[in-house]
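Presented below is the structure to which this report refers.
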Amino acid sequence: MKPHAPRGTRDVLPPESEAWQRLMDVAREAFWLHGYREIVLPVMEHTELFIRGIGENTDIVSKEMFTFRDKGGRSLTLRPEATAGVVRAFIEHGLGEKGLPVKLYYCGPMFRHERPQAGRYRQFHQLGAEHLGSAHPLADLEIISLCFRILEKLGLRGLDLVVNSVGDRVCRPAYQDGLRSFLAGGADQLCDDCRRRMEASPLRVFDCKREECRETLRGAPRISEYLCPDCREHLRLLRDYLKAAGIDFRLEPELVRGLDYYTRTVFEFQVPGEGAQNALAAGGRYDELVASLGGKDTPAVGFSLGVERVVLRLDPVKKEKKGIYIVSKDGKPKLRALELLRESHHRGFPAEMDTLGRSLKAQMKAADRASRPLAVIIGEEELEGGFLTLRDMCSSAQERVTEEELWRRLEKASRPDGGKY
RNA sequence: GUGGGAGUAGCUCAGCCGGAAGAGCACCGGGUUGUGGCCCCGGAGGCCGCGGGUUCGAGUCCCGUCUCUCACCCCA
């Protein structure tokens, strides 16, 4: 039987891996432009961190975590998301002591024990950023626009940005009570899941897609009616900033996120018209998380982007190859070829040659497949005459040149104005 | 965790009523002992996902299981 990657995991092969690279390049550039620096975190944390951070009643914590015990009996969990880890590191290393805000980005694998589906894996990858220390909506704007720019730069246009406020510790409890008593009126119409949610986390009833539940929700109180003046003002300013930044968005009063730590702003970038896995990136504000994990009271906001989901929608990268493929006969020509290969690399020009000891014909075939624009051919004639044979793989034109002439051509081709080699 | 569809060569797939495992593409070699693509010829490559059952005989029928996939749940 052939070996198989574990359920919900996958290999990223070329050329898909090149689309990943492009995403990473674009993201790193954007982070750098905005002054975000990278934090590399462990992929496992103490289970307690996620229970306290994400919330015991969330689906992630209650049924999707890869949890195990180490040999000392401690309970560890493969991270299902990155924010809790960032906040832990922020507290552990006193990162806020050298001045605020602290702006970090991360990238790496996350783990959730779900049933796999296209665009959803048990090991998946997220890249994201956290802006710690600011309660101002300008920070929300920076995070949203950072995410927006990355998606835009990748050529993903026409995405829907949906925004909502889920309130804060002042106004959310009142809203939850209001919603709960509203739902209690039609409780017998709700599905089992929603009846459970009603108690622990009533906002998440909005996530339900069942017709009977949606029907029951008609006329439910809206969070917007309950927002306290501060939250209301925060949302109003964010809306103004987004408009000023030229970022289109839609207020979505029913947008709720699956993590308990969000306060005020939540947002999601969605692919319109698609039902499943339509969220490419999402995030929000979490003003109480740092304090609840034992740090100083520190407001924060962040986003996270699903790498697989974005890569799924990227056009294949067609990168034009440059450089040479060296074709040579056995014996002394082979040694000359090795010398040339090394010199080419030393000068920074891509170069490949055969490693299978194959015939000249087969080497030419390999040169063709390697899609290098130039083949350099070395045999006895070339050695004796002190020249190289250059074959243009596109036109099949062939000529004799000196080594210096080869480097001159490659040099010319590597200039910004370009050249075909 | 629930329900539908599908697993045959590296890839895409055909395989009838149960009766000797196939095609296209890709790969390797030759046609040309110093030349790629096109063409021609040849070759290699398969526990027919895995396990069990029915049968003289199973890729084919039945059961189980694993994986992929779609829809839920939920999420990036």
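Keep in mind that the numbers below use all heavy atoms, side chains included, and drop hydrogens, waters and symmetry copies. So you know, we letter chains A, B, ... as the sequences are listed, proteins then strands, and number each from 1.
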At under 4.0 Å between heavy atoms, what does [X] touch on the DNA or RNA strands: base, sugar-phosphate, or nothing?
{"X": "A:Phe269", "result": "nothing"}
{"X": "A:Glu381", "result": "base"}
{"X": "A:Cys394", "result": "base"}
{"X": "A:Arg358", "result": "sugar-phosphate"}
{"X": "A:Ala362", "result": "sugar-phosphate"}
{"X": "A:Leu280", "result": "sugar-phosphate"}
{"X": "A:Gly119", "result": "base"}
{"X": "A:Ala367", "result": "nothing"}
{"X": "A:Gly8", "result": "sugar-phosphate"}
{"X": "A:Glu380", "result": "base"}

Between A:His234 and A:Asp140: side-chain donor-acceptor atoms closer than 3.5 Å: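 A:His234 vs A:Asp140: donor-acceptor pair found between side chains.
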So for [X] and [N], does any side-chain atom that can act as donor or acceptor lie under 3.5 Å from a complementary atom in the base?
{"X": "A:Gln363", "N": "B:U35", "value": "no"}
{"X": "A:Arg309", "N": "B:C75", "value": "yes"}
{"X": "A:Arg7", "N": "B:U67", "value": "no"}
{"X": "A:Glu382", "N": "B:G34", "value": "yes"}

message: For a side-chain hydrogen bond (donor to acceptor under 3.5 Å, both in side chains) check, start with the C-alpha distance between A:Glu288 and A:Thr263, then their side-chain angles and the critical distance, and finish with the verdict.
response: CA-CA 8 Å; A:Glu288 285 146 34; A:Thr263 54; 5.2 Å; no
Along RNA chain B (nearest heavy atom to each residue), the more 5'-positioned of A:His4 and A:Leu360: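 This one resolves to A:Leu360.
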- prompt: With nearest nucleotides of RNA chain B determined for A:Arg369 and A:Val307 from heavy-atom distances, which residue corresponds to the more 5′ nucleotide?
  reply: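 First, find each residue's nearest nucleotide; the 5'-ward one identifies A:Arg369.
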message: For a quick test of reading the model, state the closest non-hydrogen atom pair linking A:Pro350 to A:Arg372 and the distance between them.
response: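 Shortest heavy-atom contact: CB-NH1, 3.7 Å.
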Quantified in whole Å, what is the [atom1] atom distance between nucleotide [N] and nucleotide [M]?
{"N": "B:C28", "M": "B:C38", "atom1": "P", "answer": "13 Å"}
{"N": "B:C62", "M": "B:G22", "atom1": "P", "answer": "25 Å"}
{"N": "B:G4", "M": "B:G64", "atom1": "P", "answer": "11 Å"}
{"N": "B:G59", "M": "B:G18", "atom1": "C1'", "answer": "10 Å"}
{"N": "B:A14", "M": "B:A6", "atom1": "P", "answer": "11 Å"}
{"N": "B:C41", "M": "B:C47", "atom1": "P", "answer": "29 Å"}
{"N": "B:A26", "M": "B:U12", "atom1": "P", "answer": "15 Å"}
{"N": "B:G24", "M": "B:A9", "atom1": "C1'", "answer": "12 Å"}

Taking [atom1] from [X] and [atom2] from [N], how many angstroms apart are they, rounded to a whole number?
{"X": "A:Met353", "N": "B:U35", "atom1": "CE", "atom2": "C1'", "result": "16 Å"}
{"X": "A:Leu383", "N": "B:G34", "atom1": "CG", "atom2": "C1'", "result": "13 Å"}
{"X": "A:His113", "N": "B:C73", "atom1": "NE2", "atom2": "C1'", "result": "14 Å"}
{"X": "A:Gln126", "N": "B:C75", "atom1": "CD", "atom2": "C1'", "result": "9 Å"}
{"X": "A:Glu114", "N": "B:C68", "atom1": "CD", "atom2": "P", "result": "14 Å"}
{"X": "A:Lys365", "N": "B:G34", "atom1": "NZ", "atom2": "P", "result": "18 Å"}
{"X": "A:Tyr262", "N": "B:C75", "atom1": "OH", "atom2": "P", "result": "10 Å"}
{"X": "A:Glu308", "N": "B:U69", "atom1": "CD", "atom2": "C1'", "result": "17 Å"}

message: For A:His125 and A:Trp20, take the angle between the two ring planes, folded into 0 to 90°, and tell me which bin it lands in: parallel under 30, tilted 30 to 60, perpendicular over 60.
response: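 A:His125 vs A:Trp20 ring planes: perpendicular.
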message: I'd like to know whether A:Arg88 forms a salt bridge (Lys or Arg N to Asp or Glu O under 4.0 Å) with A:Glu48, so could you lay out the CA-CA distance, the side-chain angles of the two residues, the decisive distance to 0.1 Å, and finally the verdict.
response: CA-CA 11 Å; A:Arg88 193 222 78 232; A:Glu48 185 61 20; over 6 Å; no
Side-chain heavy atoms of A:Leu255 within contact of A:Val163, under 4.5 Å: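 The answer is no, as the side chains (C-beta and beyond) never meet within the 4.5 Å cut-off.
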query: So do the side chains of A:Glu252 and A:Glu268 get within less than 4.5 Å of each other, counting heavy atoms only?
result: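 SC-SC contact between A:Glu252 and A:Glu268 ruled out.
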- prompt: Do the charged groups of A:Arg347 and A:Glu411 touch, with an N to O distance under 4.0 Å?
  reply: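 Here A:Arg347 does not pair with A:Glu411 in a salt bridge, since their nearest N and O are not under 4.0 Å apart.
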Ion pair check, A:Arg409 and A:Glu405, cut-off under 4.0 Å: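 Yes, A:Arg409 and A:Glu405 are salt-bridged.
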Looking only at the side chain of [X] (C-beta and beyond, no hydrogens), which of the listed nucleotides [options] gets closest?
{"X": "A:Arg115", "options": "B:G29, B:U2, B:C73", "result": "B:U2"}
{"X": "A:Gln117", "options": "B:A71, B:G34, B:G30", "result": "B:A71"}
{"X": "A:Lys329", "options": "B:C73, B:U2, B:G34", "result": "B:G34"}
{"X": "A:Met364", "options": "B:G36, B:U33, B:C75", "result": "B:G36"}
{"X": "A:Asp368", "options": "B:G34, B:G37, B:C73", "result": "B:G37"}

- request: Ignoring backbone atoms, establish whether A:Arg120 has a side-chain N or O less than 4.0 Å from OP1 or OP2 of B:U69.
  value: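 Answer is no, no contact under 4.0 Å.
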- prompt: Does A:Lys361 put a side-chain nitrogen or oxygen below 4.0 Å from OP1 or OP2 of B:U35?
  reply: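 No, no such contact exists.
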- line: Symbol by symbol from the 5' end, with Watson-Crick or G-U pairs under 3.5 Å, [ ] crossing and | another strand, RNA chain B is (((((((..((((.....[..)))).(((((.......))))).....(((((..]....))))))))))))....
query: Which value, rounded to the nearest 0.5 Å, describes the distance between A:Lys329 atom NZ and A:Ile377 atom CD1?
result: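 Here the rounded value is 12.0 Å.
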field: A:Asp25 atom CG: more than 12 heavy-atom contacts under 6.0 Å
entry: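 Count over threshold, so yes.
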